[in-house]
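What follows is a short report on a single structure.
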2 protein chains.
Amino acid sequence: MRPESTFDLQSFLPYLLTQAAERSSLEFQQVYRDRYGMLRTEWRVLFHLGLYGTMTAGGIGAAAGTHKTKISRAVHRLAERRYITRNRDGADRRVEHLDLTPRGRAVFNELRGIAADYDEALSNQLSETELKVLRTALRKLAGMQSGRFT
Amino acid sequence: MRPESTFDLQSFLPYLLTQAAERSSLEFQQVYRDRYGMLRTEWRVLFHLGLYGTMTAGGIGAAAGTHKTKISRAVHRLAERRYITRNRDGADRRVEHLDLTPRGRAVFNELRGIAADYDEALSNQLSETELKVLRTALRKLAGMQSGRFT
DNA sequence: CCCGGAAAGTTGTAACTGTAACAATATTCG
DNA sequence: CGAATATTGTTACAGTTACAACTTTCCGGG
């Protein structure tokens, strides 16, 4: 029989991660929302294109672990605002290649600067080692399944 | 002028945290959704009551960092399913004291066991030190503001 | 006492998300 | 070739969330 007193909500990783994620995204989110009316998925698409160059919707979805319908809608809105262009592939006409417009790149550049500042502000709350271990652990958790457990 | 090549999405804490949080919540979420039709906020309310005993909606909201409208709706749905009772405070009639019903406690006990197993499965992917540093860092990030930075 | 303001919750509405179903291609292989 | 199947991306609809406005109750100063 399982002991009753074992479980601690404040140590439960999914809970702790969600709290930290929500909290740490808050201020930055505020910036791209208030300033550019962007949602989180739109921000992600913008950053993928800005950092990695031309990509397809599917490629971004795979890289960011985001569902294709969310990507589809984000792409639609970004194109509407002329932050990105959509170019049908010649060989496979199901595919579209996405790119930042100059306008999109300008927004990306500004947001990247703010993101870098924000990341630094967060990082300064932790020691060097803490930060290093944290990033490693998060990458492991983000990239893996625990396997069936129920 | 800021260097162009500095920013790395895979090291950006808010991004990394969100990815890890989404990923790690997914499987557990599946359990309480499929099995009990519960949403995340309902799960949180249930666990707060199960672990800490009688609480008010406002108290849970403050403890969990969750907006009162989300709590309000979660409480409504949990009461509807007879997982919790709502008792008006005698002295301050704006306040309701919430408690698990026996039925709610049974569900809580089962979910707590599953949560403990899941946490263990996740924890096993990390070393002892990693885990310790991770929890400390997450608590810091969850509980603090970076201050003005924009 | 009683009025203004604060606090605890609730509700309306518009926006966002998830699931599944869909259309338009591409590919496989008998 | 051509029917079955897979892939890329969109859309419909139902369900969830956010924000603001609201109700009810409490508190403090005149």
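Per chain, numbering begins at 1; letters A, B, ... match sequence-line order. Quantities reported herein were computed from a predicted structural model and do not represent experimental measurements.
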Step by step, work out the side-chain contact (heavy atoms from CB on, under 4.5 Å) result for A/Arg73 and A/Thr41.
CA-CA 9 Å; A/Arg73 282 159 173 150; A/Thr41 308; over 6 Å; no

Does the side chain of [X] reach to within under 4.5 Å of the side chain of [Y], using non-hydrogen atoms?
| X | Y | result |
| --- | --- | --- |
| B/Glu27 | B/Val31 | no |
| A/Arg35 | A/Ile114 | yes |
| B/Leu141 | A/Arg23 | no |
| B/Leu17 | B/Leu138 | yes |
| A/His48 | A/Met55 | yes |

Do any side-chain nitrogens or oxygens of A/Ser72 fall under 4.0 Å of OP1 or OP2 in D/dG9?
no

Can you tell which of B/Asp99, B/Asn87, B/Thr85 makes a side chain to side chain donor-acceptor pair (under 3.5 Å) with B/Thr54?
B/Asp99

Using whole Å, report how far [atom1] of [X] lies from [atom2] of [N].
| X | N | atom1 | atom2 | value |
| --- | --- | --- | --- | --- |
| A/Ile71 | D/dT10 | CD1 | P | 11 Å |
| B/Leu78 | C/dT10 | CG | P | 12 Å |
| A/Asp34 | D/dA18 | CG | C1' | 13 Å |
| B/Ile84 | C/dG9 | CD1 | C1' | 13 Å |
| A/His76 | C/dT17 | NE2 | C1' | 16 Å |

Counting N and O atoms only, with roles assigned by atom type, does the side chain of B/Thr18 sit under 3.5 Å from a partner on the main chain of B/Pro14, one being a donor and the other an acceptor?
yes

Are a donor atom and an acceptor atom from the side chains of A/Tyr83 and A/Glu42 found within less than 3.5 Å of each other?
no

D/dT11, C/dG9, D/dT16: which one has an atom nearest the side-chain heavy atoms of B/Leu39?
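Side chain of B/Leu39 sits closest to D/dT16.
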
Letter by letter from the 5' end, nucleotides 18-28 of chain C scores (B base, S sugar-phosphate only, - none; protein heavy atoms under 4.0 Å) BBB---BBS--

Contacting residues from residues 40-49 of chain A, given that a heavy atom lies under 4.0 angstrom of DNA chain C
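Heavy-atom contacts with DNA chain C come from no residue of residues 40-49 of chain A; none.
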
Give me, pair by pair, the N or O atoms of the protein and of nucleotides 2-4 of chain C that are less than 3.5 Å apart, along with how far apart they are.
none

The single option from A/Phe47, A/Trp43, A/Tyr32 passing ring pair (Phe, Tyr, Trp, His ring centres under 6.0 Å) against A/Phe108:
A/Phe47

Any base atoms under 4.0 Å from A/Arg88, or only sugar-phosphate, or nothing? Heavy atoms, all strands.
nothing

Go through B/Leu98 and B/Ile60 one step at a time and tell me if the side-chain contact (heavy atoms from CB on, under 4.5 Å) criterion holds.
CA-CA 10 Å; B/Leu98 308 172; B/Ile60 297 173; 4.1 Å; yes

